[in-house]
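Working notes for the structure below.
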2 protein chains.
Amino acid sequence: MPDQRDTPIRILIVDDHPVVVAGLASMLGTQPGIEVVGSASSGEEALELLRTTPADLLLLDLRMPGMNGIDTLHAMRSSKITKRAIVLTSFEADEDIYRAVQAGAQGYLLKDACQTEMIEAIRAVHGGTRYFPRDIAARLAERMMRTDLTARELEVLHMLARGLTNKEIGSALDISGNTVRNHVNSIIEKLEVSDRTEAATTAILRGIIETHG
Amino acid sequence: MPDQRDTPIRILIVDDHPVVVAGLASMLGTQPGIEVVGSASSGEEALELLRTTPADLLLLDLRMPGMNGIDTLHAMRSSKITKRAIVLTSFEADEDIYRAVQAGAQGYLLKDACQTEMIEAIRAVHGGTRYFPRDIAARLAERMMRTDLTARELEVLHMLARGLTNKEIGSALDISGNTVRNHVNSIIEKLEVSDRTEAATTAILRGIIETHG
DNA sequence: TCCATCCTCAACCCATGGATGAAGCTTGCC
DNA sequence: GGCAAGCTTCATCCATGGGTTGAGGATGGA
């Protein structure tokens, strides 16, 4: 365990909400052993900032306009930039959690977390341990059990949720309405729901479908 | 217009996210003419605090565990407590906006608002003017044009979104499946969607249905 | 090569959506 | 009281859509 006075944990905050940035800075800035070295309001800005600002750990918002948290993690991996990262978001949609972990996040915090929990998570992740609240870990485990939807099924799911019929989806994808039915059935089975309507609502609630637009 | 130095606007923050409370306090606390006199993490706590702490304006989170923002506004109205209130939330679901205004909120801010906008909103609402961002105002106007769903239709909508068939809904409500069909048709018409599936997703996206549980 | 997965298609049967009609009920207004 | 309006209830007919099942072809990894 590193001496906190000699080597403070350098944190970069990435969030498009000014309130959250200010709140994190104020909650963490006064903590011994923790130093907020910068903040960015988007993934692009964060990557740019990382070129000049040495940081140990990212506090990363998932849903941001433009390059979101997942995109940012992937971009970092592509650029061989390896920083530890904690995803900090308002949502506990299990698809979000799953994708964050897949993209390389070592921790996942909800924005209703208290100061103590945040600091605990930061120290844990900086020390090399993963950190997930109990509910989040449970959701993650549950998600791990499920099969991913295929690319085709995701296309169908998006259209289905917008109220298109199988025939309309078929026309849009240039396949038969019968085939669309099979994709829908596969979706229903994988999501463990009873019909297309529940598939749509479940997809939104689990974060499989974007709710913005 | 009151002299800012003599009569600062006394603000009470109500939000269950410690980060947001800290952020607002840090963003607003240093502003001339604005004073944050307290914070509460729930509606109940806010009402309790209002007994002893004089405040001019509430910054109120909509979605909180227990008594939420709308409930709090209603409770204040019942208790003849008239405070100006700005609802501050992450969501721009038009049903949320509509209900907030119906409950007596004079302003609606998204949490991605910048410091300037927040201060502008606070000064406007304290001065007696309503404040709504352009998008929000548009959504509100659109919502105003629509007809409210009846209590029965809301019941049906909830079950529909959980994937129940008309017959199953009928059994649960102890009415005929035919009747449920009529309710569903009415829902589809009022929401201006094409089928039950889009009705369900639209209900979630517009905030008609709670997404927690 | 073999197996698994994905995408594709088709046919059967039931559920759903749309259009009406109508009855009992409460609410509120004249 | 009497009347109108709205909500809830139930019904029928009909066209369409959707859930189930079975099955073939393509692809890719073991």
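Below, chain A is the first sequence line, B the second, and so on; all start at residue 1. Fair warning: this is a prediction, and the values are worked out from it, not measured in the lab. No hydrogens, no waters, no symmetry mates; every other heavy atom, side chains included, goes into these values.
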**Asked** Below 3.5 Å, does any donor atom in the side chain of A:Asn182 face an acceptor in the base of D:dG22, or the other way round?
**Response** yes
From CD1 of B:Ile169 across to C1' of C:dT16 the rounded distance in Å is 12 Å
note: B:Asn178, atom CG; C:dA19, atom C1'; distance rounded to Å ~ 14 Å
Under a 4.0 Å heavy-atom cutoff, the residues of residues 145-159 of chain A touching DNA chain D are none
Sorted by number, residues from residues 187-198 of chain B placing a heavy atom under 4.0 Å from DNA chain D are none
Does [N] have OP1 or OP2 under 4.0 Å away from a side-chain N or O of [X]?
{"X": "B:Thr179", "N": "D:dA11", "answer": "no"}
{"X": "A:Lys167", "N": "D:dG17", "answer": "yes"}
{"X": "A:Asn166", "N": "D:dG17", "answer": "no"}
{"X": "B:Asn185", "N": "C:dG17", "answer": "no"}
{"X": "B:His183", "N": "D:dC7", "answer": "no"}

Measure across [X] and [Y] and return the closest heavy-atom pair with its distance rounded to 0.1 Å.
{"X": "B:Ser39", "Y": "B:Leu12", "result": "N-CD1, 3.7 Å"}
{"X": "A:Thr197", "Y": "B:Leu160", "result": "CG2-O, 3.3 Å"}
{"X": "B:Val19", "Y": "A:Val20", "result": "CG1-O, 3.7 Å"}
{"X": "B:Phe91", "Y": "B:Leu110", "result": "O-CD2, 3.3 Å"}

The helix from C:dT1-D:dA30 to C:dC30-D:dG1: angle between terminal helix axes, five bp per end, to the nearest 10 degrees, reads 40°
Requested in this report: Please step through salt bridge (charged side-chain N to carboxylate O under 4.0 Å, His left out) for the pair B:Arg99 and B:Asp71, ending with a clear verdict.
Outcome: CA-CA 10 Å; B:Arg99 282 198 280 241; B:Asp71 296 338; over 6 Å; no
State plainly whether the residues [X] and [Y] are in salt-bridge range, i.e. N to O under 4.0 Å.
{"X": "B:Asp195", "Y": "A:Arg196", "value": "no"}
{"X": "B:Arg152", "Y": "B:Glu155", "value": "yes"}
{"X": "B:Glu210", "Y": "B:Arg63", "value": "no"}

When you look at B:Asp148 and B:Arg143, which way does the salt bridge (charged side-chain N to carboxylate O under 4.0 Å, His left out) test go after all the steps? CA-CA 9 Å; B:Asp148 287 356; B:Arg143 175 60 183 82; 2.8 Å; yes
Heavy-atom nearest nucleotide on DNA chain D taken for A:Thr165 and for B:Arg181; more 5' hit belongs to B:Arg181
Review point. Quick check: does any side chain N or O of A:Asp56 sit under 3.5 Å from a backbone N or O of A:Arg10, one acting as donor and the other as acceptor?
Key: yes
Quick check: does any side chain N or O of A:Thr129 sit under 3.5 Å from a backbone N or O of A:Val125, one acting as donor and the other as acceptor? no
